[in-house]
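Encoded as structure tokens, the structure appears first; notes follow it.
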2 protein chains.
Amino acid sequence: MHALPEADHDEPESTRQRLLREAAHEFRRKGYAGSTTREIAAKLGLKKASLYHHIDKKEDLLYEICLDCLATIQREVERAMYAAPTPLERLHALVLTHVQVGLREQDGFATLLLDIRYLSDERRAKVMQRHDAYQALVRATISAAQSAGVLRQDIAPGNLTLMLLGLLNWSAFWYQPAGPLTPEALGALFWQQFLNGAVAPM
Amino acid sequence: MHALPEADHDEPESTRQRLLREAAHEFRRKGYAGSTTREIAAKLGLKKASLYHHIDKKEDLLYEICLDCLATIQREVERAMYAAPTPLERLHALVLTHVQVGLREQDGFATLLLDIRYLSDERRAKVMQRHDAYQALVRATISAAQSAGVLRQDIAPGNLTLMLLGLLNWSAFWYQPAGPLTPEALGALFWQQFLNGAVAPM
DNA sequence: GTCTATATCGCGATAGAC
DNA sequence: GTCTATCGCGATATAGAC
């Protein structure tokens, strides 16, 4: 289906990787259904027919973008959490890494969030399954922090999860790399807001 | 362009209103570009050609859904805020009303957030202008609460605005009316979280 | 691995009767 | 205000040479 990424040597990017990258860029700007294989091919300096040497169908691009993006976030978040010793620090690592990866892969991430509805039923279910698995990780991390007594327990962990993901994911829609905020600064802001809220300290 | 809504007598819904309602429903599920005039017409018990008695182009549907939705939210939020005497209560009214209207008009609201990119440049600019005007209202309300000393002042009002809107708007994507949470309960949850955060009380 | 040329199809939109 | 019939276009995808 899609090969494991080769170890990151400094090999030149494969045509397939460039294809996925340009497609994600195009999808975020114009939407999956509003993007044409012509334009994507043109971005690579190819004619549209040449794409079909690398993929079977246009939908393959969307499917692999979604799966790749989820896999990358999950992998990097898990790795960051692994190094954190306490439940609160694990959640902190999750928040910072989620924002950092989500904005580094902003095209793919926004495409995942916006265009999942254009996948076939079968593929959409597959992507949702991975998404739910990741969301379960977030929820378990929040739940552990509640059990440790560092997060309030009067809000169900599932609800805290949805609110946290809203806070974090929304940035994929409006964030502009040229703006004043780095992903790191934004992650710090989200963490501050999620934990302590907006009320004035007394 | 689009007539003012007639006063809400108990008149039967006009074909035009049904059309906008069904179109928004279809757009949320399948996306604007993934929805066909055929299917929308079929939902109304019409043939596709009959739609063109009510609109000029398919895009008109998207445009009016977006404008209607923004106008409704702005109108209802302003009305709710008008009755609130303090800056904090004004922000509270904004949050509760935004959530309530956003979920009552969930199809249109999700369409606005997801499918604005499919509008022509000119119309997208018009919708963005109205969106920015509403966002300015949110920001001014937050800023006033900061000046009154009830919200923390170490986070710029623009950043608090983006975080609040992420928290609120995300619900348009996952909220299910059949679920356990009413819009009112969800609004209360968001308010609690936005103000006080998730940290355990000491 | 990329090209030219083409097949095929479904879409939005129109014409004109009723 | 809705219908039947049809147009015309641009999209994905394929065939086969290079």
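Hydrogens, waters and symmetry mates play no part in the numbers below; they use all other heavy atoms, side chains included. Below, read A as the first sequence line, B as the second, and so on, with proteins coming before strands; counting in each chain starts at 1.
For B/E105 and B/R21, the salt-bridge test fails: no basic side-chain N is under 4.0 Å from an acidic carboxylate O. Ionic pairing of A/K57 and A/D60 is not present here: no N-O contact between side-chain nitrogen and carboxylate oxygen is shorter than 4.0 angstrom. For the pair A/D115 and B/R117, the salt-bridge criterion is met [side-chain N within less than 4.0 Å of a carboxylate O].
Residue pairs satisfying the salt bridge (Lys or Arg N to Asp or Glu O under 4.0 Å) criterion with at least one member in residues 138-152 of chain A, sequence neighbours excluded, are listed as follows: A/R152-A/D154.
Using a 30° and 60° split on the angle between ring planes, A/W191 and A/H92 fall in the parallel class, below 30°.
Residues from residues 20-34 of chain A with heavy atoms under 4.0 angstrom of DNA chain D: there are none.
The span of DNA chain C lying next to chain A, judged by atoms under 4.0 Å from heavy atoms, is bounded 5' to 3' by C/dG1 to C/dT6.
The NZ atom of B/K47 sits 16 Å away from the P atom of D/dT6 (whole-angstrom rounding).
Summary of the strand contacts: B/S35 and A/R38 both lie near DNA chain C, and taking for each the nucleotide with the nearest heavy atom, the more 5' one is attributed to A/R38.
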If you restrict it to nitrogen or oxygen atoms, what contacts under 3.5 Å exist between nucleotides 13-15 of chain D and the protein, and what is each distance?
unit_1, atom_1, unit_2, atom_2, d
D/dA13, OP2, A/Y52, OH, 3.1
D/dA13, OP2, A/K58, N, 2.7
D/dA13, N6, A/K48, NZ, 2.4

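Here A/S50 lies in heavy-atom contact (under 4.0 Å) with a base.
For B/K43, the side chain to side chain donor-acceptor pair (under 3.5 Å) test picks out B/E26, with sequence neighbours left out. Here B/Y134 pairs with B/H98 under the side chain to side chain donor-acceptor pair (under 3.5 Å) rule; sequence neighbours left out.
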